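One structure, as structure tokens, below. Some questions next.
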Amino acid sequence: MKKLFTFVMLITLLVPSMSYAQSPTQNTSGAAAASSGGTVIPAPQGYDAYRHNIPRGNVQQISYYSTTVGKTRNAMVYTPPGYTTSKTYNVLYLLHGIGGDQYEWLNQMNPRNILDNLYADNKLEPMIVVFPNGRAMQDDRPIGDIFAPDKVAAFETFEFDLINDLVPYIDTHFPVYANAQHRALAGLSMGGGQSLNFGLKHLDKFSWIGAFSSAPNTKPASQLITNPSQTASQLNLLWLSCGSSDNLLWVSQNFHNSLDSMNIPHMWYLDVGGHEGKVWSSGLYQFSQRIFK
């Protein structure tokens, strides 16, 4: 309970500084950006803007029964341009923050434009993207006190909903590869913490993991990684990114430092911005180009 209270207080202090860019663009100079583990070129101007005369993916709502929660739950699914059931696809599960739901990414971070544009530029491997509701409880709407203990706890419960209910549903209802080599898990803020907590625990399910501006729900790397050499051998990519002026930068920085101390290969990108939408859109732009290759 003490850990939960501390987490809620940290997030509460952060909320007034949070913003969501409606049409975010990146600083192309890279002057305030830094990276390790590989070269990262900042997203170009207009990378998330609507581009005319290119093929487009589609978004649909799906409903699946959650044995974890005991009810039918909804998620959104993006299928790429040219999607057909005669092909087999990779899957990226993309998680939202503490104040969001399955619509947060779609409504505020322009993922459709980002992905459509990257497909048009031949920079992505074929994948579907699943946007779940990471608050696994009976009433999973982001209403009332989003920091209430039962709602915060529901983000932990989502581990079992994801592994036992949602992933099996996607595996059987879409033409996807049902193995870790072709599954990725990533998210923003609270969802970034979930991605690290769940992904590193279930490397038999996910070998591509991305965390954008992880929140204090992130467990210590030393707790999630007990056998560094084994973890390193199972990962295809572990990506961390955060805005240089984010009040929660310490979460990602500490995790990055711990990975370095354990010699876990990973990419660390210090982006331009705070705890805000343009950093998360940039995170998707960067991460999506590196997975399934």
Side-chain angles (χ1 to χ4, degrees), residues 21 23-49 51 90 92-95 97 105 109-111 113-125 127 129 184-189 191-193 195-196 199-200 206-215 218 221 231-232 235-293:
S23 299
T25 54
Q26 283 300 104
N27 180 341
T28 57
S29 70
S35 67
S36 66
T39 301
V40 178
I41 300 173
Q45 189 82 10
Y47 75 97
D48 63 338
R51 191 188 300 179
N90 305 290
L92 165 61
Y93 292 83
L94 197 54
L95 311 183
W105 271 100
M109 266 62 77
N110 299 326
N113 291 347
I114 293 169
L115 297 170
D116 287 348
N117 294 345
L118 286 171
Y119 276 115
D121 294 336
N122 296 312
K123 292 184 176 180
L124 294 186
E125 291 298 310
M127 72 182 88
V129 182
L185 180 64
L188 67 89
S189 192
S195 296
L196 294 173
L200 290 170
F206 308 97
S207 65
W208 312 84
I209 300 171
F212 319 142
S213 312
S214 295
T218 306
T231 295
L235 280 167
N236 281 315
L237 174 64
L238 178 53
W239 167 278
L240 306 176
S241 58
C242 192
S244 58
S245 57
D246 192 329
N247 290 342
L248 292 180
L249 174 58
W250 59 272
V251 178
S252 298
Q253 185 72 64
N254 287 347
F255 206 91
H256 160 60
N257 291 340
S258 294
L259 293 175
D260 270 351
S261 69
M262 289 186 280
N263 295 315
I264 301 293
H266 65 286
M267 292 195 72
W268 163 235
Y269 181 48
L270 189 60
D271 210 336
V272 179
H275 205 74
E276 57 185 317
K278 69 176 184 179
V279 173
W280 305 327
S281 294
S282 169
L284 175 61
Y285 173 85
Q286 300 289 353
F287 181 71
S288 63
Q289 295 181 68
R290 292 171 166 82
I291 55 179
F292 310 128
K293 296 181 178 180

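Bear in mind that the values here come from a model prediction, so they are computed numbers and not experimental data.
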*Give a yes or no on whether the backbone of Lys278 and the side-chain of Ser281 come within a donor-acceptor separation of less than 3.5 Å.*
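Pair absent, no side-chain N/O of Ser281 close to backbone of Lys278.
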*Ser195 and Ile209: which non-hydrogen atoms are nearest, and at how many Å?*
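Taking every non-hydrogen atom into account, O-CG2, 3.6 Å.
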*Report the residues that fulfil side chain to side chain contact (heavy atoms under 4.5 Å, CB included) with Ser241, sequence neighbours left out, ordered by chain and then residue number.*
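Ser241 satisfies side chain to side chain contact (heavy atoms under 4.5 Å, CB included) with Phe212, Trp239, Tyr269 only.
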*Residues that Tyr119 engages under ring-ring contact (aromatic ring centres under 6.0 Å, His included), provided they are two or more places apart*: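 Not a single residue meets the ring-ring contact (aromatic ring centres under 6.0 Å, His included) criterion with Tyr119.
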*Can you name the side chain to side chain donor-acceptor pair (under 3.5 Å) partners of Asn254, sequence neighbours left out?*
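Expected list: none.
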*Quick one: list whatever passes salt bridge (charged side-chain N to carboxylate O under 4.0 Å, His left out) with Asp260, sequence neighbours left out.*
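Asp260: no salt bridge (charged side-chain N to carboxylate O under 4.0 Å, His left out) contacts found.
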*Compare all side-chain heavy atoms of Cys242 with those of Leu248 and state whether any distance is below 4.5 angstrom.*
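A side-chain contact is absent here, since even the closest heavy-atom pair is not under 4.5 Å.
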*Residues in side chain to side chain contact (heavy atoms under 4.5 Å, CB included) contact with Asn90, at least two apart in sequence or another chain*: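 Checked Asn90 against side chain to side chain contact (heavy atoms under 4.5 Å, CB included); matches are Glu125, Met127, Tyr177, His182, Phe292.
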_Between CG on residue Leu259 and CZ on residue Phe255, distance to nearest 0.5 Å_ =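 The CZ atom of Phe255 is 5.0 Å from CG of Leu259, to the nearest 0.5 Å.
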*asked:* For the backbone of Ile41 and the side chain of Gln286, can you confirm whether one donor and one acceptor N or O come within less than 3.5 Å of each other?
replied: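 Confirmed, Gln286 side chain pairs with Ile41 backbone.
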*How about Met267 and Phe287: do any of their side-chain heavy atoms sit closer than 4.5 Å?*
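Not touching, per the 4.5 Å side-chain cut-off.
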*With side chain to side chain contact (heavy atoms under 4.5 Å, CB included) as the test, would you mind laying out the steps for Gln253 and Asp246 before giving the verdict?*
CA-CA 11 Å; Gln253 185 72 64; Asp246 192 329; over 6 Å; no
*Look at the side chain of Asn117 and the backbone N and O of Tyr47, then say whether any donor-acceptor pair between them is shorter than 3.5 Å.*
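Yes; at least one donor-acceptor contact below 3.5 Å.
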*For Ser214, what residues pass the side chain to side chain contact (heavy atoms under 4.5 Å, CB included) criterion, not counting sequence neighbours?*
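With neighbours one apart ignored, the set is Leu196, Ala211, Thr218, Val251, Ser252.
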*Please round to the nearest 0.5 Å and tell me the distance separating atom CG of Asn110 and atom CG of Leu115.*
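It comes to 10.5 Å.
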*Is the shortest heavy-atom distance from the side chain of Met262 to the side chain of Thr231 under 4.5 Å?*
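Met262 vs Thr231: side chains apart.
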*Least distance between heavy atoms, Trp105 atom then Pro111 atom*: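 Minimum heavy-atom separation between Trp105 and Pro111: O-CD, 2.9 Å.
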*Is there side-chain contact between Ile264 and Leu235, with at least one heavy-atom pair below 4.5 Å?*
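Yes - at least one pair of side-chain heavy atoms lies under 4.5 Å apart.
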*Go through the structure and list residues passing side chain to side chain donor-acceptor pair (under 3.5 Å) with Ser207, not counting sequence neighbours.*
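Scan of Ser207 (side chain to side chain donor-acceptor pair (under 3.5 Å), adjacent residues dropped) gives Asn236.
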*For Gln289, which residues count as a side chain to side chain contact (heavy atoms under 4.5 Å, CB included) partner, sequence neighbours excluded?*
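Side chain to side chain contact (heavy atoms under 4.5 Å, CB included) list for Gln289, sorted by chain: Leu118, Lys123, Leu124, Tyr285.
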*Considering all heavy atoms of both residues, which atom of Val279 and which atom of Ser213 are nearest to each other, and what is their separation?*
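Minimum heavy-atom contact is CG1-OG, 3.7 Å.
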*Supply the atom-to-atom distance Ser189 OG to His275 NE2, rounded to the nearest 0.5 angstrom.*
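Those atoms lie 3.0 Å apart.
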_For a 4.5 angstrom cut-off between non-hydrogen side-chain atoms, does Leu270 reach Leu249?_
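In contact.
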